[in-house]
Amino acid sequence: MIKLIVSEKDNAAKRISNILADGKVTVKKSYGVPVYIFQNKQEDVHCVGLKGHILKVDFPEKYNNWQKVEPIELIDVEIVKIPTQKSIIKTLQKEAKDAVQIVIATDFDREGELIGVDALNKIKEVNSRVETKRAHFSALTEDEIKKAFSNLEDIHVNLAKAGETRQDIDLIWGAILTRSISLAAKRLGKQFLGVGRVQSPTLAIVVAREKERRAFISKPYWQIKALFGTEQGKEFLAQHKTDKFWEEKAAKKIVSNLGKIGLVTSSKRTKKMVSPPTPFSTTSFLATASSIGFSASNAMRIAEGLYMEGLISYPRVDNTVYPSSLNLREILVDLKKSKELGNLAALVLAQDKIVPTRGKKKTTDHPPIHPTGAANEKDLKPQEWKIYELVVRRFLATLAPSASMESARVDINVECPALKRSEPFFLQGSRVVDEGWLKFYSYGRKKDEDIPNLNEDDIVSVKKSILESKETQPPKRYGQGRLIQEMEKLGLGTKSTRHSIIQNLYFRGYVHSDPMIPTELGIAVAETLRKNAEAVTNPELTAQLEKDMDLITEGKAEKDSVVDISRDMLRDIVKVLKEREAEVSQEIRNGIKEGKIVGKCPKCGNELRIIRSKKTKKRFVGCASYPDCKTTYSLPQFGDIIPINETCEVCGAPKIKIVSRKKRPWILCLNLDCPSKKTSAES
DNA sequence: GCAAGGTC
């Protein structure tokens with residue numbers, strides 16, 4: 001007679017077993033799955049860790065053929081659960097057969113409860129009368145675990161129901177709309193066009209920004225600067241107070257009539273304290289990693305590896321407050337062993353007080369991302385070291401004192417007799433006075449600006465006046481880090497999925513580069529959805545889903561009625577999509593066509609397009625006037641080809657960008673005989 | 001071959 005504990009992952013199973021065991025914990029493998037065996041209060045306990053969800057939802061097999069099933073049919077098809085972790089399920093059933101009690105010990109959240117209930121249902125297939133309980137803990141600490149197991153609760157059926165609702169809604173929206181527009185655009189097989197509750201609003205954000213940029217008309221403006229000299233012979237640049245002159249004439253008039261003497265009208269220096277950064281959540285970690293050149297999914301992959309190595313804590317967290325149970329000093333003492341970072345840890349240890357910063361979001365499931373072991377640079381791959389160093393430096397910074405900065409502003413009036421007035425100039429800047437946490441963490445740190453020491457009523461000489469012509473700039477494209485922050489703000493995705501949602505946009509060919517640029521295909525898909533299935537491009541769908549799931553959790557709404565709302569919305573949308581199939585097809589196919597145009601033919605001026613040879617299956621660039629014009633260029637056969645609307649400065653042939661998985665993207669002139677190739681080959 | 005969510 002045993003008790004069986006089921007946790008969400010192997011690591012948690014190990015921890016729970018070690019905490020609850022009276023004596024030693026032994027491990028046996030069943031179907032390759034570790035089972036932890038120990039005694040707790042004279043009872044035999046077995047503990048198994050899952051791998052997250054062990055079942056997935058899908059439509060029955062007979063609906064698998066996209067061409068033979070009308071997408072609208074899928075709306076009312078029963079959704080079935082399919083095992084995805086067969087050896088774990090076998091282990092569960094074997095262990096549960098003779099158990100007297102099952103304790104679900106998955107993470108205490110919606111998905112965790114669902115994972116637990118799925119496991120229980122599999123267990124009940126072999127042992128229907130077993131008693132089932134829930135251990136409710138919010139962190140894997142000794143205290144929490146022991147308390148949870150001496151106060152076992154019932155399964156939170158409604159919480160799991162909310163999770164199932166989320167699964168069903170995601171499946172029907174995703175599958176039905178993915179099939180609808182893929183069929184309309186005749187993009188089948190691995191070319192299908194993905195649509196989903198999270199990915200489509202995310203794509204829409206990127207596309208909306210690109211449209212703003214395209215609609216943006218940049219305006220020329222002028223700025224005036226002047227080089228001044230102090231009595232001590234120091235020189236400095238200051239800018240005219242008018243930030244933008246829209247008329248060149250007016251700016252020129254000032255520049256050519258600027259007087260020779262300036263009077264300092266005010267000089268202020270102010271000190272301000274800059275607080276250290278808050279502890280790393282997944283989002284702030286990915287945002288910072290992105291700023292030093294890591295893609296979100298690469299940074300996440302490396303962080304998961306470091307976690308497995310025991311060097312950093314669990315990387316999927318929303319929490320930004322270190323729990324009081326975390327022994328910060330102990331971590332610092334351990335970090336001293338690192339050859340490269342040990343000295344910095346020692347510096348923090350030497351402080352009188354070690355008071356950590358805290359962020360706005362506080363959850364108790366996992367601590368913010370922090371180092372859990374010391375490492376040396378030579379033990380890690382270069383990329384791993386960069387990420388490890390980032391986590392360590394962030395951790396040290398959160399424990400360090402504020403930095404103090406001095407900012408200075410000087411205002412100068414230049415008397416201009418020729419204009420019969422004076423012109424105002426200013427300069428401002430700041431510098432670090434006391435480094436504080438900046439000693440440990442200089443990611444994104446601004447360069448110090450040197451402001452000359454000037455006092456009110458000082459006289460300065462004007463050495464030169466400068467007219468700079470500029471243009472207003474369109475709003476910036478989203479980098480992956482910024483996009484992840486935006487997704488979090490809008491409630492799109494979770495800490496564990498956002499990076500993969502973004503990665504998916506690249507895989508689908510909807511975006512390229514970082515900062516992210518939507519492809520013509522991505523723009524066409526987003527536009528089609530916006531016109532015909534607006535709901536799925538809107539973050540509001542997720543916001544509403546969250547509200548409904550809260551109601552289900554509280555027992556105030558039923559799964560079926562909530563899913564039915566989505567079914568009704570989809571019926572209308574699919575009907576519209578079917579009616580407008582020709583337009584939808586046209587719009588997306590135009591996008592695809594547009595994406596294949598790489599530029600103009602230098603011989604005849606017609607379009608040059610990427611073509612795939614029917615005979616050799618190889619791709620090449622050919623002129624649209626073929627056979628009248630026989631211009632062709634060969635193409636590399638690997639990687640994605642992105643038209644960039646630029647022509648080669650040297651030979652006039654179009655340039656393209658090639659994005660492949662292994663190499664970094666590169667820009668290439670299509671002309672193999674272009675003289676620029678020779679110089680670049682030498683260099 | 002569809003989604004998003006866990007985890008590896």
Side-chain angles (χ1 to χ4, degrees), chain A residues 6-13 32-34 49-61 63-69 71 73-75 77 79 81-82 84-85 87-88 106-119 160 162-183 186-203 300-309 314-316 365-366 487 491-505 507-508 536 541-542 545-546 549 563 566 570:
Chain A
V6 180
S7 75
E8 190 152 327
K9 51 178 175 275
D10 178 60
N11 250 331
V33 179
L50 308 175
K51 282 184 179 169
H53 292 284
I54 55 170
L55 308 176
K56 65 164 186 178
V57 290
D58 208 343
F59 302 112
E61 224 181 310
Y63 296 95
N64 278 355
N65 191 323
W66 293 27
Q67 279 112 316
K68 287 188 183 146
V69 178
E73 282 180 55
L74 292 174
I75 295 178
V77 167
I79 293 169
K81 293 205 179 195
I82 294 164
T84 54
Q85 301 286 348
S87 47
I88 288 185
T106 48
D107 296 353
F108 192 70
D109 53 31
R110 196 162 61 215
E111 298 297 329
E113 203 69 20
L114 171 58
I115 289 165
V117 166
D118 280 345
E164 288 185 326
T165 309
R166 199 271 311 145
Q167 281 187 319
D168 287 7
I169 286 179
D170 281 338
L171 177 66
I172 59 174
W173 280 94
I176 290 166
L177 293 181
T178 295
R179 287 194 192 187
S180 293
I181 67 161
S182 296
L183 283 165
K186 301 195 176 55
R187 293 267 296 201
L188 299 170
K190 56 184 175 186
Q191 300 216 68
F192 72 86
L193 302 172
V195 180
R197 173 178 61 85
V198 178
Q199 62 168 292
S200 296
T202 307
L203 175 62
M300 208 55 202
R301 192 180 50 77
I302 293 167
E304 276 157 11
L306 293 170
Y307 163 63
M308 288 302 162
E309 298 280 316
Y314 189 67
R316 295 186 274 261
D365 45 355
H366 303 284
M487 289 171 80
L492 293 173
T494 73
K495 57 198 186 299
S496 323
T497 61
R498 286 179 198 117
H499 67 277
S500 62
I501 298 276
I502 290 178
Q503 198 57 38
N504 194 34
L505 298 180
F507 282 149
R508 292 275 79 88
V536 82
L541 185 63
T542 295
L545 178 68
E546 288 295 334
M549 287 193 298
V563 179
S566 279
L570 278 164

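Throughout, a chain's letter reflects where its sequence line sits, starting with A, and its residues are numbered from 1.
- Here A/Asp58 lies in heavy-atom contact (under 4.0 Å) with a base.
- The side chain of A/Tyr314 places an N or O atom within less than 4.0 Å of a non-bridging phosphate oxygen (OP1 or OP2) of B/dT7.
- Residue contacts shown for A/Glu164 are absent, as no nucleic acid heavy atom lies under 4.0 Å away.
- A/Gly163 comes within contact range of no nucleotide atom at all, as no heavy-atom separation falls under 4.0 Å.
- By the criterion of a centre-to-centre distance under 5.5 Å and near-parallel planes under 30°, the ring of A/Trp173 forms no stack with the base of B/dA3.
- Among the protein residues, A/Gly112 comes within range of no part of the nucleic acid, since none of its heavy atoms lies under 4.0 Å from any strand.
- B/dC8 atom C1' lies 6 Å from atom CE of A/Met308, rounded to whole Å.
- At B/dG6, one or more side-chain N or O atoms of A/Ser496 fall inside 4.0 Å of OP1 or OP2 (strictly under the cut-off).
- Within the structure, a side-chain polar atom (N or O) of A/Thr497 is placed less than 4.0 Å from OP1 or OP2 of B/dG5.
- Remark: A/Arg508 is positioned above the aromatic ring of A/Phe192, its terminal NZ or CZ atom under 6.0 angstrom from the ring centre and at most 45 degrees off the axis.
- No engagement by A/Lys190 is indicated, since no non-hydrogen atom pair under 4.0 Å with the nucleic acid exists.
- Within 4.0 Å (heavy atoms only), A/Val195 reaches sugar-phosphate atoms of the nucleic acid but no base atom.
- Considering only side-chain N and O atoms, A/Thr494 lies under 4.0 angstrom from the phosphate OP1 or OP2 of B/dG6.
- The side chain of A/Gln199 places an N or O atom within less than 4.0 Å of a non-bridging phosphate oxygen (OP1 or OP2) of B/dA4.
- Ion pairing between a basic and an acidic side chain is recognised when a charged N comes within 4.0 Å of a carboxylate O; A/Glu546 and A/Arg110 show such pairing.
- Within the nucleic acid shown, A/Leu177 has no heavy atom closer than 4.0 Å to any nucleic acid atom.
- Remark: A/Arg166 is not in phosphate contact with B/dG5, judged by side-chain N or O atoms under 4.0 Å from OP1 or OP2.
- Rounded to an integer number of Å, the gap from A/Asp365 CG to B/dG6 P is 11 Å.
- The phosphate of B/dG5 has OP1 or OP2 within less than 4.0 Å of a side-chain N or O from A/Arg197.
- The only member of A/Leu74, A/Ile181, A/Val77 that meets side-chain contact (heavy atoms from CB on, under 4.5 Å) when paired with A/Ile176 is A/Leu74.
- If you check every strand for non-hydrogen atoms under 4.0 Å, A/Asp109 touches nothing.
- Under the 4.0 Å criterion applied to side-chain N and carboxylate O atoms, A/Glu164 and A/Lys81 are assigned as salt-bridge partners.
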